[in-house]
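Remember, it's 1-based here, ligands and their atoms both numbered in the order they're listed. What you see is a predicted model, and the numbers here were worked out from it, not measured in a lab.
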Amino acid sequence: MIRSQAEHIVVIGAGAAGLMAARELARAGKRVTILEARDRCGGRIHPLSPSEFGYRADGGAEFVHGEAPVTRALLREAGLSLLPLRGARWNVDQRGFSQDETRASHTERLHEVLAALEADLTVADFLKQYFAGPEYGELRHSVQRMVEGYDAADPARASVLALRDEWMNSGRSMQARIVGGYGALIDFLTAECRKHCAAIHLGAAVGAIETAEGRALLRCGNGETYTADTVVITVPLPLLREIALPAEAHNRVAAAADIGFGNVIKLLLRFKSCWWVDAKGNDLSDLLFLLSDKTIPVWWTQRPAEHAVLTGWIAGPKTHALANFDESELIEKGLASLADIFGLSPQRLMQDIVAARAINWANDPFARGAYSYATPDTRAAQSTLASRQGAILFSGEAVYRGPDMGTVEAALASGLEAARTIL
Ligand SMILES: Cc1cc2nc3c(=O)[nH]c(=O)nc-3n(C[C@H](O)[C@H](O)[C@H](O)COP(=O)(O)OP(=O)(O)OC[C@H]3O[C@@H](n4cnc5c(N)ncnc54)[C@H](O)[C@@H]3O)c2cc1C
């Protein structure tokens, strides 16, 4: 293929957005270079070694939510398949285990008020304004748990209108996993980039970008420099502030303060057996999700796959209380939560452990958190960030203006949009 040496595009970040943008640009014949700070591709898609967990467990993104048209089209192209989730959702509280699917009381009233809402406000203000009474205590608790747990969001900042659709459809549906994990999708995209001659440089953290006469000069922490006609920046939102940018791009980045960005701590515990199936006399052999009020409140299994792995999850502002715990202390917290839930001793669970990981994404130097969420001012901020001015474009899950912010689908769709803007 004859490549135009006149146009060189540098993509910063080899996550889902960066790889997608690079693949589209490279296969359209552009000269593309990807600069990635880590020693691997994938970013917040982080497959763990099969030798640890018995399969390619996901330390970051794991589920394909909802319709996800860009993801599904890519999976078809890659010859990858989806395995729908199967199993039951259990709750546990001081009364014990229950599979009670009945919705919190006043849910209908919540839907009525939401449907009639015209002006946006934060979730916390919404609850204060419409559901302040003591009779709504359970409803407030369940809304806050959903906002923090699924969206990793702070109710004091999260937009109620942005979450309305999610709630009306009873939460962000977690429908399926990719057979081979999200890592298989990243492998496919990486191979596609290479096939179309995009260069991928790992260990290349961009620290500064200067522009002159319509061209950009990029400086990396490892001392290397690159020039480009166009730069696509796909780094996570908190990392945008760490790159020295020309004044115009710097001003656009200021808008990012109006986009929420939450944290997640994810634990993966592999045991010798699926000991949880017999829980205080309850048959939990169908367990998919388990919701509790313990320190690590949410747990899930790999059903329908039979791996003896439990994944623990804590998200949103509650993760701040665990900020100073190292990996082994987080694993201890996880085991203590499980021991409490199942009435077992943590030592007995520890004896059964085959492999364990705990990832606090806020402490990851190239993520500084998990994913974005909408505040009442986010749509305007995204338009400012996504507007193309000069040589620099912003892309990534946080810039995506569709309904599934904070997902892999959002990142892929945003990467595609950036490539199409350039082409
Ligand atoms: C724990 C967790 C669970 C999740 N679960 C799900 C899920 O189940 N389903 C779902 O759809 N989504 C989920 N997500 C969200 C999903 O992972 C992200 O929305 C998506 O992967 C973001 O892709 P991206 O390309 O926008 O950003 P990233 O994947 O973060 O890619 C950006 C890249 O930029 C690199 N970078 C950073 N700074 C620099 C620099 N200065 N120079 C060069 N490179 C740099 C980073 O290393 C990274 O590789 C989850 C995220 C986390 C953390």
Side-chain angles (χ1 to χ4, degrees), residues 10-22 33-46 58-66 68 70-71 85 150-152 172-178 181-183 185-186 189-190 200-209 218-222 224 226 231-245 261-268 300 311-315 319 357-362 364-373 394-400 404-415 418:
V10 170
V11 177
I12 306 180
L19 290 171
M20 188 71 176
T33 302
I34 304 176
L35 300 178
E36 167 56 52
R38 299 175 197 268
D39 60 2
R40 61 170 181 84
C41 294
R44 284 170 275 166
I45 291 174
H46 180 25
D58 280 302
E62 177 168 342
F63 303 101
V64 176
H65 304 283
V70 184
T71 310
L85 303 189
Y150 286 106
D151 301 289
R172 177 181 281 184
S173 56
M174 292 186 179
Q175 291 181 330
R177 292 186 182 92
I178 298 170
Y182 264 115
L185 195 67
I186 291 299
L189 274 179
T190 308
I200 305 179
H201 297 273
L202 300 177
V206 176
I209 305 174
L218 295 91
R219 296 184 192 282
C220 293
N222 60 10
E224 285 172 3
Y226 297 83
V231 181
V232 183
I233 304 182
T234 73
V235 306
L237 215 53
L239 272 297
L240 282 176
R241 290 188 291 271
E242 296 186 14
I243 301 177
L245 294 169
F261 198 78
N263 187 35
V264 168
I265 299 175
K266 189 171 180 180
L267 287 85
L268 290 102
W300 64 78
T311 301
W313 177 274
I314 174 168
T319 60
R357 290 293 305 269
I359 303 169
N360 182 351
W361 280 87
D364 181 305
F366 301 116
R368 300 216 188 283
Y371 43 84
S372 64
Y373 61 88
F394 294 99
S395 173
E397 56 86 10
V399 183
Y400 170 76
D404 298 313
M405 239 179 119
T407 62
V408 174
E409 171 70 12
L412 293 171
S414 166

Enumerated ligand 1 atoms positioned under 4.0 Å from heavy atoms of [X]:
| X | answer |
| --- | --- |
| Glu62 | 5 (N), 6 (C), 7 (C), 8 (O) |
| Gly42 | 29 (O) |
| Val264 | 1 (C) |
| Trp361 | 1 (C), 53 (C) |
| Ala16 | 25 (O) |
| Thr234 | 32 (C) |

Who's the nearest protein heavy-atom neighbour of [atom], and how far?
| atom | result |
| --- | --- |
| atom 5 (N) of ligand 1 | Ala61 CA, 3.2 Å |
| atom 27 (O) of ligand 1 | Arg44 NH2, 2.9 Å |
| atom 48 (C) of ligand 1 | Glu36 OE1, 3.5 Å |
| atom 9 (N) of ligand 1 | Phe63 O, 2.8 Å |

Q. Any idea how Trp313 and Trp300 line up, ring-wise: parallel (<30°), tilted (30 to 60°), or perpendicular (>60°)?
A.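 Answer is tilted, since the angle falls between 30° and 60°.
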Could you say whether the N/O atoms of [X] and ligand 1 ever approach to under 3.5 Å?
| X | answer |
| --- | --- |
| Val206 | yes |
| Leu239 | no |
| Lys266 | no |
| Ala37 | yes |
| Ala17 | yes |

Pick one of side chain, backbone, both or neither for how [X] approaches ligand 1, counting any non-hydrogen atom pair under 4.0 Å.
| X | answer |
| --- | --- |
| Leu35 | backbone |
| Val408 | both |
| Tyr400 | neither |
| His65 | side chain |
| Tyr371 | side chain |
| Thr407 | both |
| Trp313 | side chain |

Going by heavy atoms, is [X] under 4.0 Å from ligand 1?
| X | answer |
| --- | --- |
| Ala410 | no |
| Ala367 | no |
| Ala204 | yes |
| Gly221 | no |

(Q) Could you work out, with side-chain contact (heavy atoms from CB on, under 4.5 Å) as the rule, every residue matching Thr190, not counting sequence neighbours? (A)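 Counting only residues at least two positions away or on another chain, Thr190 forms a side-chain contact (heavy atoms from CB on, under 4.5 Å) with Leu19, Cys41, Ile186, Arg194, Ile200.
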Q) Who are the side-chain contact (heavy atoms from CB on, under 4.5 Å) partners of Arg219, not counting sequence neighbours? A)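 Result, side-chain contact (heavy atoms from CB on, under 4.5 Å) vs Arg219: Ala208, Glu210, Leu217, Thr225.
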So, the side chain of [X] versus the backbone of [Y]: is there a donor-acceptor pair under 3.5 Å, distance only?
| X | Y | result |
| --- | --- | --- |
| Asn263 | Ala362 | yes |
| Glu397 | Ser372 | yes |
| Thr234 | Ile12 | yes |
| Arg241 | Ala244 | no |
| Glu409 | Val70 | yes |

Q) How close do Phe261 and Pro236 get, heavy atom to heavy atom, and via which atoms? A)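 Of all heavy-atom pairs spanning Phe261 and Pro236, the closest is CZ-CB, 4.3 Å.
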Q | Minimum-distance pair of heavy atoms, taken over all atoms of Ala16 and Leu189 | A |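 Closest approach of Ala16 to Leu189: O-CD1, 4.3 Å.
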How many angstroms lie between atom [atom1] of [X] and atom [atom2] of [Y], to the nearest 0.5 angstrom?
| X | Y | atom1 | atom2 | answer |
| --- | --- | --- | --- | --- |
| Phe63 | Gln175 | CZ | CD | 12.0 Å |
| Trp361 | His46 | CH2 | NE2 | 5.5 Å |
| Tyr371 | Leu237 | OH | CG | 14.5 Å |

Where the closest heavy atom to [atom] is concerned, which of [options] has it?
| atom | options | result |
| --- | --- | --- |
| atom 2 (C) of ligand 1 | Gly60, Ser372, Ser395 | Gly60 |
| atom 15 (C) of ligand 1 | Gly18, Gly406, Gly207, Gly15 | Gly406 |
| atom 36 (N) of ligand 1 | Leu19, Asp58, Val235, Val11 | Val235 |

**Q.** Minimum side-chain heavy-atom gap Val206-Ile233 below 4.5 Å
**A.**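 Heavy-atom side-chain distance check fails, nothing below 4.5 Å.
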**Q.** Asp364: which of Arg44, Lys266, Arg38 passes salt bridge (charged side-chain N to carboxylate O under 4.0 Å, His left out)
**A.**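 Running salt bridge (charged side-chain N to carboxylate O under 4.0 Å, His left out) over Arg44, Lys266, Arg38 with Asp364 returns exactly one hit, Arg38.
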